Number of protein chains: 2
Amino acid sequence: MDLIAPVGQQIRDRRQFLRITQGDLAEIAGVSLRSLIDIERGKGNPGIHQLMKILDVLGLKIEISNKG
Amino acid sequence: MDLIAPVGQQIRDRRQFLRITQGDLAEIAGVSLRSLIDIERGKGNPGIHQLMKILDVLGLKIEISNKG
DNA sequence: CCACAATACGCATTATATTGCATATTAAAT
DNA sequence: ATTTAATATGCAATATAATGCGTATTGTGG
């Protein structure tokens, strides 16, 4: 049931592209390092707020679209 | 702090387009009617699983994209 | 190899979402 | 206008996410 794994991967990819650590991203986004780690790893079930705080810092956003 | 209001609105729009009730959608998606109501209204902070269960039934999906 | 930084995980605590129930409000149909 | 369905809200109970701490593992530069 690893529904958010792809989302976590995208977050990680983008973070690494920007060359910032999990610790820094977590602090800037205002979430715990622990939470960010879990999200990147596709663990758990983050709230949409939590997710948006992180995406915001990375210059990303959530979109709803039709399924292929 | 109504971050998910637009998401809720999209869910509602799509549901109404499909002419199903909140009760039916909630049941099919496997979430409580109460939760669906709150999400459509932009209240609270649903988990991504919760959200995906609903989007799935509606033939919608979450995408991560660059911010404009 | 060694030291240091970054990432990861188990566990307990705290914060918050989810749910059900009762009840209210709103909308639709006859 | 009356009845019935649909949508909405307050509240209490339960489930689950978020966090912090300690520690382990992995990665990286000297």
Side-chain angles (χ1 to χ4, degrees):
Chain A
M1 293 289 179
D2 219 356
L3 293 170
I4 72 143
V7 174
Q9 190 57 53
Q10 286 181 80
I11 288 173
R12 166 162 293 187
D13 290 347
R14 180 89 175 155
R15 175 179 63 78
Q16 290 178 337
F17 173 76
L18 296 173
R19 303 214 183 278
I20 56 180
T21 66
Q22 290 177 327
D24 287 344
L25 173 54
E27 182 169 8
I28 298 168
V31 306
S32 70
L33 170 59
R34 185 53 198 271
S35 285
L36 178 60
I37 288 174
D38 287 346
I39 291 171
E40 283 196 359
R41 293 240 122 197
K43 292 177 180 175
N45 174 26
I48 199 167
H49 282 165
Q50 192 84 348
L51 210 51
M52 280 178 167
K53 284 198 281 186
I54 295 165
L55 295 179
D56 234 42
V57 173
L58 297 173
L60 300 173
K61 66 174 185 200
I62 290 181
E63 270 185 353
I64 307 295
S65 61
N66 290 336
K67 246 194 295 193
Chain B
M1 294 285 185
D2 218 358
L3 293 172
I4 71 142
V7 175
Q9 191 56 54
Q10 286 181 80
I11 288 172
R12 167 163 293 187
D13 289 347
R14 180 89 174 155
R15 175 180 62 78
Q16 289 178 336
F17 172 76
L18 296 173
R19 303 212 182 280
I20 55 180
T21 66
Q22 291 177 325
D24 287 343
L25 173 54
E27 181 169 8
I28 297 168
V31 306
S32 69
L33 170 58
R34 185 53 197 272
S35 285
L36 178 61
I37 288 173
D38 287 346
I39 291 171
E40 283 196 0
R41 293 240 121 198
K43 292 177 180 175
N45 173 27
I48 200 168
H49 282 166
Q50 192 84 347
L51 210 51
M52 281 179 167
K53 284 198 281 186
I54 295 165
L55 295 179
D56 233 43
V57 173
L58 297 173
L60 300 173
K61 65 174 184 196
I62 289 180
E63 270 183 352
I64 307 296
S65 61
N66 291 334
K67 245 194 295 194

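Just so it is clear: chains get the letters A, B, ... in the order the sequence lines come, proteins before strands, and each one is counted from 1. Not measured: the values here are computed from a predicted model.
Here B:Gln50 lies in heavy-atom contact (under 4.0 Å) with sugar-phosphate atoms only.
When hydrophobic clusters are built by joining Ile, Leu, Val, Met, Phe, Trp and Tyr residues whose side-chain heavy atoms come closer than 4.5 Å, directly or via intermediates, A:Val7 is grouped together with A:Ile64.
For B:Lys43 and C:dA17, the shortest distance from a side-chain N or O to OP1 or OP2 is not below 4.0 Å. At C:dT7, none of the side-chain N or O atoms of A:Arg12 fall inside 4.0 Å of OP1 or OP2 (strictly under the cut-off). Contact check, A:Arg41 against C:dC9: a side-chain N or O comes under 4.0 Å of OP1 or OP2. Distances shown here put every side-chain N or O of B:Arg34 at or beyond 4.0 Å from the OP1 or OP2 atom of D:dA8.
Side chains of B:Ile48 and A:Ile48 form no contact here, defined as non-hydrogen atoms less than 4.5 Å apart. Side chains of A:Gln50 and A:Ile39 form a contact here, defined as non-hydrogen atoms less than 4.5 Å apart.
Residue B:Gly23 is the one, among A:Asn45 and B:Gly23, whose nearest nucleotide of DNA chain D lies closer to the 5' end (criterion: closest heavy atom).
Nucleotide C:dA6 holds its C1' atom 15 Å from the CZ atom of A:Arg19, rounded to whole Å. B:His49 has its NE2 atom 11 Å from the P atom of D:dA18, to the nearest Å. For B:Gln22 and D:dT9, the CD to P distance is 10 Å, given to the nearest whole Å. Spacing between atom CD of B:Glu27 and atom P of C:dT18 amounts to 19 Å, rounded to whole angstrom units. Atom CZ in A:Arg15 sits roughly 12 Å away from atom C1' in C:dA8 (whole-Å rounding). Regarding B:Ile37, its CD1 atom lies at a distance of 13 Å from the C1' atom of C:dA22, rounded to whole Å. Here D:dA6 presents its C1' atom at 13 Å from CD1 of B:Ile20, a figure rounded to the nearest Å. One atom, CG of B:Asp24, and another, C1' of D:dA6, lie 11 Å apart when rounded to the nearest Å.
A distance-only check finds a donor-acceptor pair linking the side chain of B:Asn45 to the backbone of A:His49 [under 3.5 Å].
In this structure, the nucleotide among D:dA18, C:dG20, D:dA8 sitting nearest to the side chain of A:Ser35 is D:dA18.
Salt-bridge annotation for B:Asp24 and B:Arg15: absent, with no side-chain N of the basic residue lying under 4.0 Å from a carboxylate O of the acidic one.
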